[in-house]
Amino acid sequence: MHKRQQLREKTLIYCVLLVLVFFTLVPIVWMFNISILKRVDVFKVPTVWFKHPWQWSNYKAAIQSTPFFTYLGNTLLICILSIIGEVLSCSLVAFSFSRLRWKGRDVLFLIVLATMMLPKSMTMIPVFVIFSRLHLVNTIVPLVLPHYFGFPFYIFLMRQFFLGLPKSMDEAARIDGCNVFGIYSRIIMPLSKPVIGIVVIQVFRDVWNDFINPLLYLNDTNKWTLTLWLQAFQQDFSFDWTMMMAAAVITTLPMLVLFFFAQKYFMQDIVFTGEKG
Amino acid sequence: MLQKRTLAQTEAIEGWLFCLPWIIGFLGFTVGPMLYSLAMSFTDYDMINKSKWVGFANYKKIFTNDPLVHIGVKVTLLFTFISVPLNLLGGLSLALLLNHKLKGISLFRTLFYIPAVVPYVASLLMWQLIFNQNFGLLNLFLEKIGVTSLPNWLGDPKYALWSLILISFWGVGRDMLVYLGGLQGIPTEYYEAAEIDGASGWKQLIFITIPLLFPIIVYTSILGIITSLQAYNTAYILTGGGPANSTYFYMLHVFNKAFQDFQMGYSSALSWLLFIVTMFLTMLALFVARRKANA
């Protein structure tokens, strides 16, 4: 009897999950669908799903009617510079919190964590004014520079990882005459590929998705990132759904592919980022 | 003669040195700007003219002479106190569902996370089409199941905010992961013992799962409240605050005042008020959580 009840429960759970997954993913599938339809088919009833031939011309139009590759280059540049900055700065700070002993270390670490709760909206305006007075608006400096000063969540992740590495290596290195920076660069960092990978993916994702900062700071259209490129479709082609969705898919696909290959690296966020409204 | 330092002193210097990036960043990108913003809030700085000290005039205006502030507060509070509990229930329920040792359950877990992988702006454009009154996916579906009055989701003041709440709910996979992590940290012995004592599934949920998950629930709820209070991204892109100001978030007002009207002084005052309220609510939530935890 118990077995039959278990089987019923199992089937119920699977059914519920299937329904939920369907409703969760169907918007995305529909996005792909619209992107390969002919414009006329979008408005046909009943709904047209993935009718052949697929209109790759929508994608061509989205890319060719705009300086897409310039924007792609801009975005990648900001990504790479930000990733380098974040990995360097967070690892240095995390190294201090985990491998060095000094008075006030743990208190400062708590402060670092506490700053994660500070609302970011607070600093958006004054930082803009400051960059504006420094004549750095319309450059990528405001977008890249903050990444060279550490981000609490990545510091936390790296510290946790470093704490798991045996201290005996540090001591052996010191005996061999290695200075502290050598321990950092030649021992800890080479062993930290997993956590570095996580930070790389998270930063790449944050920069790729970032909308507000490019909006505020990149005024010349030739400096735009892909996010701004995509949003512009909303205004210019508000009735050309197919091209708009093709553009949306173009920005989505790299993320999905990356996710497919590096799932564990993606699913690390503990609700720290989060654009809810 | 070189002064000899103790090992501890050297390590202390090194410790602070390696922390320098964060310290400089904290001072330069957080503390400094916050103080600067505070100072600005007492002026009428507008990026063009020289700023003049106006004392509490900005704050007075916020409370008495700016109707959009009231609208902003209402919309933001409404959104926050609907979507945060909704996402909590959704994320937790989903995590409970996924916490069974069934074949392929991790595939489901991955699938539910996919909305969080789609770039935010791309998903918003997708939703804009889904919410289209005539040909959007949502109304097509509702029509199929027999609903007769198909709303203009983003264009109707009655429904616009709910559309945004739905979009926020769609991304519940992120919270789900956090709860799932917490659930998987609960030792199965507790449930086995409860089963032996004859406790039903519901009783197990209420007396074992929820109390043990309490810290995580508090944590995600606080973060959810903080994020929602500052929300404006979606409204900016999808509705511009309309229709009829039904999605005019407080932070959107701050944004418009700062980057459309360039009234930096006034918008700084607005954002400081938001900050104070957010910090107050956070402290309150932490206090309540501490009391409950010690009870």
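The shown structure was predicted, so the numbers you read here are calculated from the model rather than taken from an experiment. Labels below follow one simple rule: chain letters A, B, ... track the order of the sequence lines, proteins then strands, and each chain is numbered from 1.
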Chain A: which of B:F275, B:W272, B:F259 shares the most heavy-atom pairs with it under 4.5 Å? B:F259
Given heavy-atom pairs under 4.5 angstrom as the criterion, report whether the side chain, backbone, both or neither of B:L20 touches chain A. neither
What option among A:I111, A:T251, A:V21 has the most heavy-atom pairs under 4.5 Å with chain B? A:V21
Answer yes or no: is there a donor N or O on one side and an acceptor on the other, between the side chain of B:T234 and the main chain of B:L164, under 3.5 Å? no
Is it the side chain or the backbone of B:L274 that comes within 4.5 Å of chain A heavy atoms, both, or neither? side chain
How are the rings of A:Y154 and A:F151 set to each other: parallel, tilted or perpendicular (split at 30° and 60°)? tilted
Go through B:L137, B:L111, B:I226, B:I222 and name the one with the most non-hydrogen pairs under 4.5 angstrom from chain A. B:L137
Pick from B:W127, B:F29, B:F262 with the largest number of heavy-atom pairs that fall under 4.5 Å of chain A: B:F29
Please state whether the side chain, the backbone, both or neither of A:F131 comes within less than 4.5 Å of a heavy atom of chain B. side chain
Side chain, backbone, both or neither: which part of B:L94 has a heavy atom under 4.5 Å from chain A? side chain
A:F43, CZ: over 12 other non-hydrogen atoms inside 6.0 angstrom: yes
Side chain of B:T110, backbone of B:S106: donor and acceptor closer than 3.5 Å? yes
Does the cation-pi check pass for A:R99 over A:F162, that is, NZ or CZ under 6.0 Å from the six-membered ring centre and within 45° of its axis? no
Gap between atom CZ of A:F233 and atom CD1 of A:I250 - 0.5 Å precision: 7.0 Å
With a 4.5 angstrom heavy-atom cut-off, is it the side chain or the backbone of A:I212 that approaches chain B, or both, or neither? side chain
What residue in A:L18, A:T227, A:L17 has the most heavy-atom pairs under 4.5 Å with chain B? A:L17
Look up atom CE in B:M264 and atom CE in B:M47, then write down how far apart they are to the nearest 0.5 Å. 4.5 Å
The interface call for A:T252 against chain B, heavy-atom contacts under 4.5 Å, is both
Closest non-hydrogen atom pair, B:G91 against B:Y179: C-CD1, 3.6 Å
Go through A:F95, A:W208, A:F97, A:F128 and name the one with the most non-hydrogen pairs under 4.5 angstrom from chain B. A:F128
Non-hydrogen atoms of chain A under 4.5 Å away: do they reach the side chain of B:T278, the backbone, both or neither? side chain
Toward chain A, the part of B:Y45 with a non-hydrogen atom under 4.5 Å: side chain
Considering non-hydrogen atoms only, spot the tightest contact between B:W22 and A:G150 and give its length. CD1-O, 4.5 Å
Using non-hydrogen atoms only, which part of B:N132 is less than 4.5 Å away from chain A: side chain, backbone, both, or neither? side chain
So what's closer than 4.5 Å to chain A heavy atoms on B:I105: side chain, backbone, both or neither? side chain
To the nearest 0.5 Å, what is the distance between CZ on A:R105 and SG on B:C19? 10.0 Å
I want to know whether B:Y236 and B:Y248 have ring centres closer than 6.0 Å. no
Contact winner vs chain A - B:V121, B:L124, B:V118, B:V254, heavy-atom pairs under 4.5 Å: B:V121
Close side-chain approach of B:I23 and A:F149, heavy atoms under 4.5 Å: no
Sort B:E143 into side chain, backbone, both or neither according to what part of it lies under 4.5 angstrom from a heavy atom of chain A. neither
More than 12 foreign heavy atoms under 6.0 Å from NZ of A:K10: is that the case here? no
Return the OH to NE2 distance between A:Y14 and B:H100, rounded to the nearest 0.5 Å. 11.0 Å
Examine whether an atom of B:M40 lies under 4.5 Å from a heavy atom of chain A, and if so say whether it belongs to the side chain, the backbone or both; otherwise answer neither. side chain
Could you tell me which portion of B:K101 (side chain, backbone, both or neither) has an atom closer than 4.5 angstrom to a non-hydrogen atom of chain A? neither
Just give me the residue among A:A248, A:S132, A:S121, A:P152 that pairs up with chain B most often, heavy atom to heavy atom, under 4.5 Å. A:S121
Please state whether the side chain, the backbone, both or neither of A:F181 comes within less than 4.5 Å of a heavy atom of chain B. both
With chain B as the partner, which of A:V16, A:L216, A:T47, A:I130 has the greatest number of non-hydrogen pairs under 4.5 Å? A:L216
Looking at A:L108, A:V112, A:L256, A:L258, which one has more heavy-atom pairs under 4.5 Å with chain B than the rest? A:V112
If I measure from the heavy atoms of chain B, does A:I155 come under 4.5 Å with its side chain, its backbone, both, or neither? side chain
Below 6.0 angstrom between ring centroids: does that apply to B:Y120 and A:F211? no
Who among B:P119, B:A122, B:S271 has the most heavy-atom pairs with chain A under 4.5 Å? B:P119
Does any backbone or side-chain atom of B:L140 lie under 4.5 Å from a heavy atom of chain A? Answer side chain, backbone, both or neither. side chain
Under 4.5 Å from a heavy atom of chain B, the part of A:M255 involved: both
Top contributor to chain A interface from B:S37, B:G32, B:G28 [non-hydrogen pairs under 4.5 Å]: B:S37
Close side-chain approach of A:L118 and B:M279, heavy atoms under 4.5 Å: yes
With under 30° as parallel and over 60° as perpendicular, where do the rings of B:F135 and A:W241 fit, or are they tilted in between? perpendicular
